[in-house]
Amino acid sequence: ARAIAVQPDGKVVVAGNVKNDPRGSFMVVRYLSDGSVDNLFGTQGFVFKYLYNQDDSPNAIKLTNDNAIIVAGYTWHTRVPGTPTADMIIMKLNPNGEPAPEFGQNGTVLFDHAPREESITSLDIQQDQKIIVSGYAYVSSIYRPVAMRIQNNTPYAVLLPFCTNWVVSTGIYVLIK
């Protein structure tokens with residue numbers, strides 16, 4: 001497990017990655033307050049997301065005011081043959097574990113800012129439900145900090161006016177099919 005959140009009703013939501021599972025490597029599971037898997041969440045308690053390969057990983061998880069679940073991290077894929085790259089990924093699940101259809105494509109948005117590697121390492125949700133993420137991007141042979149604020153139901157809008165000190169201000173937003 002890489003991230004954990006406790007819902008107001010005592011249910012525990014855990015995000016992590018799994019290897020060699022055909023359902024995907026990006027995984028979220030919900031447990032009841034007694035420690036048993038909540039079979040009413042996702043598919044028998046689990047949500048798997050197959051992105052590009054088996055090295056995708058969530059790094060952070062938060063709950064919105066309406067108990068939707070935001071999970072963020074990275075996904076590895078090959079954009080240029082022979083050159084693997086990691087891109088930022090944000091996934092939104094409804095409280096029952098189903099992908100939130102209004103968020104990106106089928107609840108998932110990929111942010112592609114850097115030519116090689118980037119990841120979201122932490123996230124928070126403001127009172128107005130805007131999502132704040134931070135992480136890094138590998139640019140010009142240096143890992144540089146990245147921070148963005150995303151409107152909850154408009155995942156393509158980078159709202160903070162970042163422009164200097166190697167904080168990313170714009171990017172290519174790729175929908176996952």
Side-chain angles (χ1 to χ4, degrees), residues 1-7 12-31 41-43 45-64 67-79 83-95 97-100 103-126 129-139 143-152 155-158 160 162 167-168 171-177:
R2 296 176 73 79
I4 189 169
V6 179
Q7 294 180 313
V12 178
V13 184
V14 177
N17 63 332
V18 295
K19 300 287 184 188
N20 302 317
D21 192 312
R23 296 172 292 182
S25 60
F26 210 84
M27 187 265 306
V28 179
V29 59
R30 186 166 70 188
Y31 297 96
F41 180 78
T43 302
F46 294 85
V47 174
F48 290 89
K49 182 71 175 182
Y50 183 85
L51 299 164
Y52 289 103
N53 67 35
Q54 294 296 312
D55 289 324
D56 307 319
S57 185
N59 290 327
I61 189 170
K62 288 287 183 178
L63 304 173
T64 64
N67 281 324
I69 301 159
I70 308 294
V71 183
Y74 65 87
T75 179
W76 278 100
H77 63 101
T78 302
R79 202 175 348 178
T83 307
T85 184
D87 289 324
M88 297 177 181
I89 193 86
I90 301 175
M91 182 170 68
K92 182 179 180 184
L93 301 173
N94 290 324
E98 293 296 319
F103 191 83
Q105 183 165 340
N106 200 27
T108 306
V109 174
L110 175 78
F111 293 92
D112 182 6
H113 292 286
R116 183 169 161 210
E117 181 182 338
E118 57 202 328
S119 179
I120 295 171
T121 56
S122 63
L123 75 96
D124 208 348
I125 300 175
Q126 296 178 193
Q129 298 304 288
K130 290 183 177 116
I131 301 166
I132 303 284
V133 296
S134 66
Y136 64 86
Y138 189 76
V139 179
Y143 287 97
R144 303 189 187 272
V146 173
M148 298 182 294
R149 179 171 65 187
I150 298 117
Q151 180 75 35
N152 198 352
Y156 307 107
V158 179
L160 291 181
F162 295 138
V167 178
V168 175
I172 302 165
Y173 309 110
V174 180
L175 291 175
I176 294 178
K177 297 180 181 178

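We number each residue from 1, following the sequence as shown.
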J.: Work out which heavy atom in F26 is nearest to a heavy atom in P58; give both atom names and the distance.
T.: CE1-N, 3.3 Å

J.: Taking the side chain as every heavy atom from C-beta outward, state whether W76 and E117 have any pair of such atoms under 4.5 Å apart.
T.: yes

J.: Calculate, to the nearest 0.5 Å, the distance between atoms CG and CG belonging to L110 and D87 respectively.
T.: 4.5 Å

J.: Between CG of D124 and CD1 of I70, what distance do you get to the nearest 0.5 Å?
T.: 11.5 Å

J.: When the ring planes of F46 and F48 are compared, do they come out parallel, tilted or perpendicular, using 30° and 60° as the limits?
T.: parallel

J.: Does any part of the side chain of K49, heavy atoms only, come nearer than 4.5 Å to the side chain of N106, both counted from C-beta?
T.: yes

J.: Specify the closest pair of heavy atoms between V71 and L123, including all atoms of both residues, with the distance to one decimal.
T.: C-CD2, 4.4 Å

J.: So do the side chains of I89 and T108 get within less than 4.5 Å of each other, counting heavy atoms only?
T.: yes

J.: Got a sec, which residues hit side-chain hydrogen bond (donor to acceptor under 3.5 Å, both in side chains) with S122, two or more places apart in sequence or on another chain?
T.: S134

J.: Specify the closest pair of heavy atoms between I90 and A72, including all atoms of both residues, with the distance to one decimal.
T.: CG1-CB, 4.2 Å

J.: With sequence neighbours excluded, what pairs up with N67 under the side chain to side chain contact (heavy atoms under 4.5 Å, CB included) test?
T.: Q7, P8, L63, P95

J.: Ignoring hydrogens, what is the shortest heavy-atom contact between E118 and M88? Give both atom names and the distance.
T.: CG-N, 3.7 Å

J.: Please tell me if the side chains of T121 and Y136 come closer than 4.5 Å, counting only heavy atoms from C-beta onward.
T.: yes

J.: Enter the distance from I131:CD1 to Q126:CD here, rounded to the nearest 0.5 Å.
T.: 10.0 Å

J.: Indicate yes or no for a side-chain donor-acceptor contact from R2 to the backbone of N59 under 3.5 Å, with no hydrogens or angles considered.
T.: no

J.: Less than 4.5 Å apart, any side-chain heavy atom of V28 and any of M91?
T.: yes

J.: Can you list the residues that meet the ring pair (Phe, Tyr, Trp, His ring centres under 6.0 Å) rule with Y31, with sequence neighbours excluded?
T.: none

